[in-house]
Amino acid sequence: MRLKTYIVGSMTEAIPLIKRDLGADAMILNTKKVKTGGFLGFFQKEKLEVTAAIDPIATRESEREHVPAEFPKVQPVKQPAVPKETATELISELKNIKQFMMQQMTEDRLPETFQILKKHLTAQEVAEDIQAELIAKIISNLNDETDHTLEKVWSAAREEILAIIEEKQPPKVAQDPEIICFIGPTGVGKTTTIAKIAADYMLTRDKKVGLITADTYRIAAVEQLKTYGSILNLPVKVVDSAAELKHAIEDFAECDIILMDTAGRNYQQKQYIDELERLLPNDNKVQINLVLSLTAKYEDMKKIIDNFQSIAMDELLLTKKDETSSSGAILNLIFHYDIPIRYIANGQNVPDDILTVTSELVADFLMGEEKHA
Ligand SMILES: Nc1nc2c(ncn2[C@@H]2O[C@H](COP(=O)(O)OP(=O)(O)O)[C@@H](O)[C@H]2O)c(=O)[nH]1
Ligand SMILES: [Mg+2]
């Protein structure tokens, strides 16, 4: 094991030195701040002590492992004398820097405006990894400390949030679905949301809508959808099995869109997902829309989504935005999962309380509206 310690101004400065002395396989063992100097221009009186190491034996052995023993004729590929700056190396450097930034980002070490931003994002329940990425990007984009005013940091955060959403949200499917099946936990607002969306298809888009419910679990649930059906003057069919569902879909052949309600289930349990799989036709005309309430814990939302590996979920729909002041889960879901979110429901009123998701809407929820025209 060869160890080497560097006193540097920043991690970016340390990496080329480590690579020069110890090679590209070196590992960073420890970083600590020492007085005198500065880190990325903020910590004026501090420098960074970086300890890196390389284990020449382990490195050689791991190189050997790449050559399969069964093929003795294979010659090890000769490394060029001066290793070229490859994309992989750059990526691993960036990872090192990011990892380091995350370590540094304990609140008391950040400049004050960033501490305020971080507190705000934490209160909004934005996940730690997203916070770290946002702050790292803002720091690297702002020119110097004169840019660290609260206003500039806030609007930079907004811009980064917009960029994340635009990058992560897959483009909406060009073709409208024929059948949308709404699934999700009990009481999240599936039936209410179906009524809102049905009204939108019918009144704004002039589409012929059919309603199906497979929620025969509670009599009141059937009645609830039938009530909306009669208010909107839409046909409602009740189904109890895959065969009945198939017939109902055939009966609605001349509808432009079928919206299907299901019983609320605890989808943290896999058995309910299997049950759903047996009910739904294996047909890509059917779009699955998972409805989750923003009042739920993010960890619980994740568990449900992760359980849906066997059924490809097409969209997420979030409800009860009006009942919570924190919007971090929206950004967390967009960042951690590549599932489109088309609507957010924000109240009990049918048909009005539903919003179409845009990057601006989510940025407004998170950072406040006053910062843009
Ligand atoms: N505050 C609020 N309440 C909602 C929203 N969506 C639905 N609800 C209410 O949540 C309760 C359950 O709704 P329901 O549609 O029956 O949920 P389901 O069991 O998932 O079908 C009802 O009291 C709805 O009025 C929403 O976006 N915000
Ligand atoms: Mg319902």
Side-chain angles (χ1 to χ4, degrees), residues 125 179-202 209-232 234-240 244-245 248 258-269 272-273 275-276 279-280 286-298 300-301 303-305 307-308 311 313-330 333 341-358 361-362 364-366:
E125 292 171 27
I179 304 161
I180 310 177
C181 176
F182 294 81
I183 58 168
T186 54
V188 290
K190 294 179 292 299
T191 310
T192 313
T193 306
I194 287 173
K196 293 172 186 174
I197 293 175
D200 180 52
Y201 269 107
M202 199 184 125
V209 184
L211 300 177
I212 294 177
T213 180
D215 187 1
T216 52
Y217 200 63
R218 293 176 304 132
I219 300 192
V222 174
E223 289 311 315
Q224 190 189 355
L225 194 72
K226 281 191 168 166
T227 306
Y228 286 125
S230 67
I231 294 169
L232 294 166
L234 296 174
V236 179
K237 286 187 188 295
V238 183
V239 301
D240 214 357
E244 281 182 26
L245 175 60
I258 298 169
L259 303 177
M260 178 174 163
D261 200 0
T262 58
R265 290 290 195 213
N266 173 9
Y267 288 112
Q268 292 193 21
Q269 288 172 25
Y272 293 119
I273 294 181
E275 201 176 88
L276 195 67
L279 173 72
L280 294 177
V286 184
Q287 197 193 74
I288 309 246
N289 215 314
L290 176 64
V291 185
L292 295 173
S293 168
L294 285 167
T295 58
K297 285 195 221 112
Y298 182 58
D300 291 338
M301 295 187 190
K303 257 182 235 151
I304 295 172
I305 298 172
N307 256 345
F308 273 96
I311 302 183
M313 194 197 313
D314 298 281
E315 277 187 22
L316 279 178
L317 198 152
L318 305 173
T319 60
K320 309 201 182 181
K321 170 66 190 80
D322 55 307
E323 288 192 27
T324 171
S325 54
S326 62
S327 303
I330 308 170
L333 289 166
I341 305 177
R342 196 195 299 249
Y343 298 111
I344 292 179
N346 63 336
Q348 292 180 290
N349 295 321
V350 177
D352 291 336
D353 291 342
I354 190 159
L355 303 164
T356 302
V357 174
T358 60
L361 180 80
V362 180
D364 283 352
F365 283 161
L366 282 161

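First listed ligand is number 1; within each ligand, the first listed atom is number 1. The residues of the chain are indexed from 1 along the displayed sequence.
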Main-chain N/O of Phe182 paired to Thr262 side chain as donor or acceptor, under 3.5 Å: yes
Donor-acceptor pair, side chain of Asp215 and main chain of Asp261, under 3.5 angstrom: no
Pair Glu275 + Arg265, salt bridge at N-O below 4.0 Å: yes
Run through all N or O atoms in ligand 1 and write down each protein N or O closer than 3.5 Å, as a pair with its distance.
residue  : atom   : partner : partner atom : Å
ligand 1 : 1 (N)  : Asp322  : OD1          : 3.4
ligand 1 : 1 (N)  : Asp322  : OD2          : 2.7
ligand 1 : 1 (N)  : Glu323  : OE2          : 2.7
ligand 1 : 10 (O) : Lys320  : NZ           : 3.3
ligand 1 : 13 (O) : Thr192  : OG1          : 3.4
ligand 1 : 15 (O) : Thr191  : N            : 3.3
ligand 1 : 15 (O) : Thr192  : N            : 2.8
ligand 1 : 15 (O) : Thr192  : OG1          : 2.5
ligand 1 : 16 (O) : Gln224  : NE2          : 3.1
ligand 1 : 17 (O) : Gly189  : N            : 3.0
ligand 1 : 19 (O) : Gly187  : N            : 3.0
ligand 1 : 20 (O) : Val188  : N            : 3.2
ligand 1 : 20 (O) : Gly189  : N            : 2.9
ligand 1 : 20 (O) : Lys190  : N            : 2.8
ligand 1 : 20 (O) : Lys190  : NZ           : 2.8
ligand 1 : 21 (O) : Lys190  : N            : 3.4
ligand 1 : 21 (O) : Thr191  : N            : 3.0
ligand 1 : 21 (O) : Thr191  : OG1          : 2.8
ligand 1 : 23 (O) : Gln348  : NE2          : 3.2
ligand 1 : 25 (O) : Gln348  : NE2          : 2.9
ligand 1 : 27 (O) : Lys320  : N            : 3.0
ligand 1 : 27 (O) : Ala345  : O            : 3.4
ligand 1 : 27 (O) : Gly347  : N            : 3.1
ligand 1 : 27 (O) : Gly347  : O            : 3.3
ligand 1 : 28 (N) : Asp322  : OD1          : 2.8
ligand 1 : 28 (N) : Gly347  : N            : 3.3

N, O or S of Thr213 under 2.8 Å from the Mg ion (ligand 2): no
Side chain Asn289, main chain Cys181, donor-acceptor under 3.5 Å: no
Phe308 and Tyr267 aromatic ring geometry - parallel, tilted or perpendicular at 30°/60° bounds: tilted
Donor-acceptor under 3.5 Å (Ser230 side chain, Thr227 main chain): yes
